[in-house]
Chemist: 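Have a look at the structure that comes next, please.
Order of listing sets the numbers, starting from 1, for every ligand and every atom in it.
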Amino acid sequence: MFGWKGQILRVNLTCGKISKEPLDPVEAKNFIGARGLGTWLYMKEVSPKVEPISAENNLVFVTGPLTGTMATSGGRYNVVTKSPLTGTIAASNSGGHFGPELKFAGYDAIIFEGVAKKPVYLWINDREVELRSAEHLWGKNVPPTTDALKAETSEEAKVACIGPAGENLVKMSSIMNDYNRAAGRTGVGAVMGFKKLKAIVAKGTSGVQVAQPAEFWKTITDARQKLIAHPVTGHFRNKGCFACSIGCGRISKVPGGRYKSFGEGPEYESTWVHGASTGVADLEPIIKSNCLCYEFGMDRGGCHVRGYTISPEILGIPEKLDPNTTEGKAQWVKLFQDLTAAVDSAGLCLFTTFAIGADEIAAQLRTATGIDYTVEEVLKAGERIWNLERNYNLNNDFSKADDTLPPRLLKETMKIGPNKGQVVLLDEMLPEYYKLRGWDAEGRPTKAKLEELNL
Ligand code: SF4
């Protein structure tokens, strides 16, 4: 296979058995990778009624076909499981260098089953894969865990691990890779902690083969030029994930005093969570608490990027949309949701979509995999993934009643500013959205829609 490595690793933590399985090319094509493929692999084997913190719940680490290629910002992987925080399907996305390294070692995904008796870590050294004791690491924060694992395996290895938050089943715990990158949302770290899986350490030596190298190079060069020229994605150039020209990471340092700290961030979410929402106006304690979250392996925010219509409403990307109207909103939401699902599944960073769209993503997928992905097929794959996730949640007793917002946004009018007197008119938009999706009035995908999507 091109793009994909064609191999899945299965690890049963209860009995310690490790096996390798071929990746089904049809499943790979239909669900692309990462978020989509991981959700499919998970759902095939785990009941929607499973308790998230139980031996029956699986944990899937999964990359995309563009992960580890030189595609623009193509360093992402996803962790898929049932969320202990929300009870819904979880696909938590992270960047850094861990996802590419997993592919260099030869694997598209790892499926973890069961629970280990004592803390362990998985050491993947190309074809050699073994479970090792992690008893000496249990209780340690993320940086010393990462340091110790690199020292006892290889300095070139990439580490994804949990900190004390995951070990103690904190429902907002992250899986941290490369010290500061987080598969943060939905509490996936607690599932890993329950499994007594402290870390995965990967080191690989094989690259990712693409189907049409010259054409692929041209598509990624075009995309990179657009990213560099764009006002949103072109001005960072700080610390970056694998193959990223954007480089949105930043390092903060408080040199001394009570809040002495050094680390990555804080980003928008962590500044808001540790600052405005707690009434803290001083940046130093915000930096310190953000660093502690990284060290403990704890999440700091909510997900606002599944259908980021802020982009057209505020930034006018790809075109200006009036934030004060409901007209056409449902269509934009559907488009952004489907495109986001496809981008997440390809292994790209969503940040790229400020500057590139479905055209460029389809071209990268086409030239990398050799499969004739068109723009329509990329969006259709995104729609398939969205419906797959929707069905899982409906089968797990979620319903139309959960398609809502906090009462404050629906009932309490804005007091000041250009939106004074407004609330979110969700009831106006939801029926239109269901209709566009091909769902019934209760928000359930119809049989015809599921058949159309081959689900
Ligand atoms: S834009 Fe930021 S988060 Fe995305 S891949 Fe680049 S450095 Fe990582």
Side-chain angles (χ1 to χ4, degrees), residues 32-35 61-79 91-104 142 158-160 174-185 188 208 219-252 263-272 290 293-294 299-306 308 310-311 315 317 336 339-357 360-361 364-365 368:
I32 305 179
R35 174 176 160 188
F61 284 67
V62 55
T63 61
L66 297 181
T67 309
T69 65
M70 290 308 287
T72 48
S73 310
R76 314 294 296 189
Y77 74 98
N78 269 241
V79 182
S92 197
N93 187 312
S94 183
H97 296 256
F98 175 77
E101 199 69 28
L102 191 56
K103 284 195 64 182
F104 300 156
V142 169
K158 305 293 182 285
V159 177
S174 312
I175 296 169
M176 304 296 299
N177 59 277
D178 304 286
Y179 295 95
N180 293 313
R181 293 284 150 180
R185 304 293 178 265
V188 289
V208 181
T219 62
I220 64 172
T221 305
D222 288 349
R224 189 161 286 122
Q225 281 166 355
K226 286 180 183 156
L227 287 163
I228 290 167
H230 196 277
V232 175
T233 54
H235 74 275
F236 289 100
R237 311 278 171 80
N238 295 330
K239 188 166 183 277
C241 304
F242 179 87
C244 180
S245 63
I246 301 172
C248 74
R250 66 164 170 170
I251 306 292
S252 302
E264 222 171 293
E267 304 93 359
Y268 166 75
E269 285 91 350
S270 38
T271 307
W272 160 75
N290 182 60
C293 284
Y294 278 136
D299 191 23
R300 300 134 294 132
C303 184
H304 57 276
V305 291
R306 287 296 208 241
Y308 195 67
I310 293 166
S311 181
L315 300 170
I317 298 171
F336 271 71
L339 182 64
T340 300
V343 171
D344 288 346
S345 302
L348 295 179
C349 178
L350 194 61
F351 218 146
T352 57
T353 56
F354 282 114
I356 64 172
E360 290 87 350
I361 291 155
Q364 291 183 58
L365 279 173

Chemist: Ring-plane angle category for Tyr268 and His304, please: parallel below 30°, perpendicular beyond 60°, tilted otherwise.
Modeler: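 Aromatic pair Tyr268/His304 classed perpendicular.
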
Chemist: Is the side chain of Asp178 donor-acceptor paired with the backbone N or O of Phe98 at a distance under 3.5 Å, no angle test?
Modeler: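 It does hold such a pair.
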
Chemist: Under a 4.0 angstrom heavy-atom cut-off, which atoms of ligand 1 come close to Arg76?
Modeler: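 So the atoms of ligand 1 that pass are 3 (S), 4 (Fe), 5 (S), 8 (Fe).
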
Chemist: Cut-off 3.5 Å, side chains only: do Arg250 and Asn238 have a donor facing an acceptor?
Modeler: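 No, no side-chain donor-acceptor contact under 3.5 Å.
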
Chemist: Tell me, which protein N/O/S atoms are under 2.8 Å away from atom 8 (Fe) of ligand 1?
Modeler: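 Metal shell, protein only: Cys241 SG.
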
Chemist: Hey, is Arg185 close enough to Asp299 for a salt bridge, meaning N to O under 4.0 Å?
Modeler: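 Salt bridge: yes.
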
Chemist: Look only at the side chain of Asn93 and the backbone of Ser345, and say whether a donor-acceptor pair between them is shorter than 3.5 Å.
Modeler: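 No, Asn93 side chain to Ser345 backbone: no donor-acceptor pair under 3.5 Å.
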
Chemist: Holding to side chain to side chain contact (heavy atoms under 4.5 Å, CB included), I want the full list of residues that pass it with Ala91, two or more places apart in sequence or in another chain.
Modeler: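 By the side chain to side chain contact (heavy atoms under 4.5 Å, CB included) rule, Ala91 matches Arg35, Asn78, Val80, Arg306.
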
